[in-house]
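Down below is the structure, laid out as structure tokens.
Letters A, B, ... are given to chains in the order of the sequence lines, protein chains preceding strands, and every chain is numbered from 1.
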Amino acid sequence: KAGVTQTPRYLIKTRGQQVTLSCSPISGHRSVSWYQQTPGQGLQFLFEYFSETQRNKGNFPGRFSGRQFSNSRSEMNVSTLELGDSALYLCASKAEPHGANVLTFGAGSRLTVL
Amino acid sequence: AQTVTQSQPEMSVQEAETVTLSCTYDTSESDYYLFWYKQPPSRQMILVIRQEAYKQQNATENRFSVNFQKAAKSFSLKISDSQLGDAAMYFCAYRSRSGGGADGLTFGKGTHLIIQP
């Protein structure tokens, strides 16, 4: 079974640009969540999707958005990039959106904003 | 809001010895899940062990075990017979059982574990 696949693995953007990151969950997993990892703030929850619906969102500005497609693949978008958006963005999937279920993480997308 | 605290930014242990990583959390809820995740230098987060708060028995996975003290809100990870491959960042995480688990994981800042050969 293939794991959680995130693309691209690395990218460099400049301030003011926007970026779209993609996540393909494990086959059969219908819940996808996103996390931001920075040295200063650590790991922070961005949002979770299930059946193409956003179930919850962390404390991030509206510049951060996401969506989920019918095949459970998910994308997240960050508009008007700021230097502080430089981070490792982790996607995780699980079979169903229940707290007991374990998240399986992807390798992440490393975003650098110049 | 829940918080998770890992008070040891870095720990070092000799290969084959035992090490314990500390984690405390703050919550007003009674039903939740606790996790330890490992993030090696390759960056892929891997689940080490999971504990359900309503279970009194401490979880164990091979060389990894936890000491779950619900009243003290403490959830430490013990690694026995440490191996070089155990070197990584270890994150303690909390997830509420209510709300269908939609709140996401709350992570601690992590403990960098160094294994000395």
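- Annotation for B/Glu10: atom CD counts as buried by contact number, over 12 foreign heavy atoms lying within 6.0 Å.
- A continuous path of hydrophobic side-chain contacts links A/Leu111 to A/Met76 [ILVMFWY only; heavy atoms under 4.5 Å].
- Chain B forms the most heavy-atom pairs under 4.5 Å with one residue out of A/Tyr10, A/Trp34, A/Phe47, and that residue is A/Tyr10.
- Cluster partners of B/Ile79, by chain and number: B/Val4, B/Met11, B/Val13, B/Val19, B/Leu21, B/Tyr25, B/Tyr32, B/Leu34, B/Trp36, B/Val48, B/Ile49, B/Phe64, B/Val66, B/Phe68, B/Phe75, B/Leu77, B/Leu84, B/Tyr90, B/Tyr94, B/Leu113, B/Ile115. The rule joins Ile, Leu, Val, Met, Phe, Trp and Tyr whenever side-chain heavy atoms lie under 4.5 Å apart.
- A continuous path of Ile, Leu, Val, Met, Phe, Trp and Tyr side chains, each step under 4.5 Å between heavy atoms, connects B/Phe35 with B/Met89, placing both in one hydrophobic cluster.
- Interatomic distance, A/Leu103 CG to B/Leu47 CG, rounded to the nearest 0.5 Å: 9.0 Å.
- In this structure, A/Leu83 is a member of the same hydrophobic cluster as A/Leu11, with clusters built from ILVMFWY side-chain heavy atoms closer than 4.5 Å.
- Put simply, the side chain of B/Met45 does not reach to within 4.5 Å of the side chain of A/Val4, judged on heavy atoms.
- Considering only heavy-atom pairs separated by less than 4.5 Å from chain B, the leading option among A/Ala107, A/Gly58, A/Gly42 is A/Ala107.
- The shortest side-chain heavy-atom distance between A/Val102 and B/Tyr33 does not fall under the 4.5 Å cut-off.
- Atom CD of B/Gln39 is separated from atom CG of A/Leu88 by 6.5 Å, given to the nearest 0.5 angstrom.
- Hydrophobic cluster membership is shared by A/Tyr49 and A/Tyr89, with clusters built from Ile, Leu, Val, Met, Phe, Trp and Tyr side chains linked at under 4.5 angstrom.
- Both A/Val32 and A/Phe64 sit in one connected hydrophobic cluster of ILVMFWY residues. Membership requires side-chain heavy atoms under 4.5 Å apart, directly or through other members.
- For the atom pair CD (A/Gln44) and CG (B/Leu105), the distance works out to 13.0 Å, reported to the nearest 0.5 Å.
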Check the pair A/Phe45, B/Thr106 against side-chain contact (heavy atoms from CB on, under 4.5 Å), reporting the backbone distance first and the verdict last. CA-CA 7 Å; A/Phe45 171 69; B/Thr106 300; over 6 Å; no
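- A distance-only check finds a donor-acceptor pair linking the side chain of B/Gln44 to the backbone of A/Phe105 [under 3.5 Å].
- In this structure, the side chain of B/Lys109 does not engage the main chain of A/Pro39 through any donor-acceptor pair within 3.5 Å.
- Atom NZ of B/Lys78 sits in a sparse spot, with 12 or fewer heavy atoms from other residues, nucleotides or ligands closer than 6.0 Å.
- Atom-to-atom distance recorded for A/Gln37:CD and B/Phe107:CZ is 8.5 Å, nearest 0.5 angstrom.
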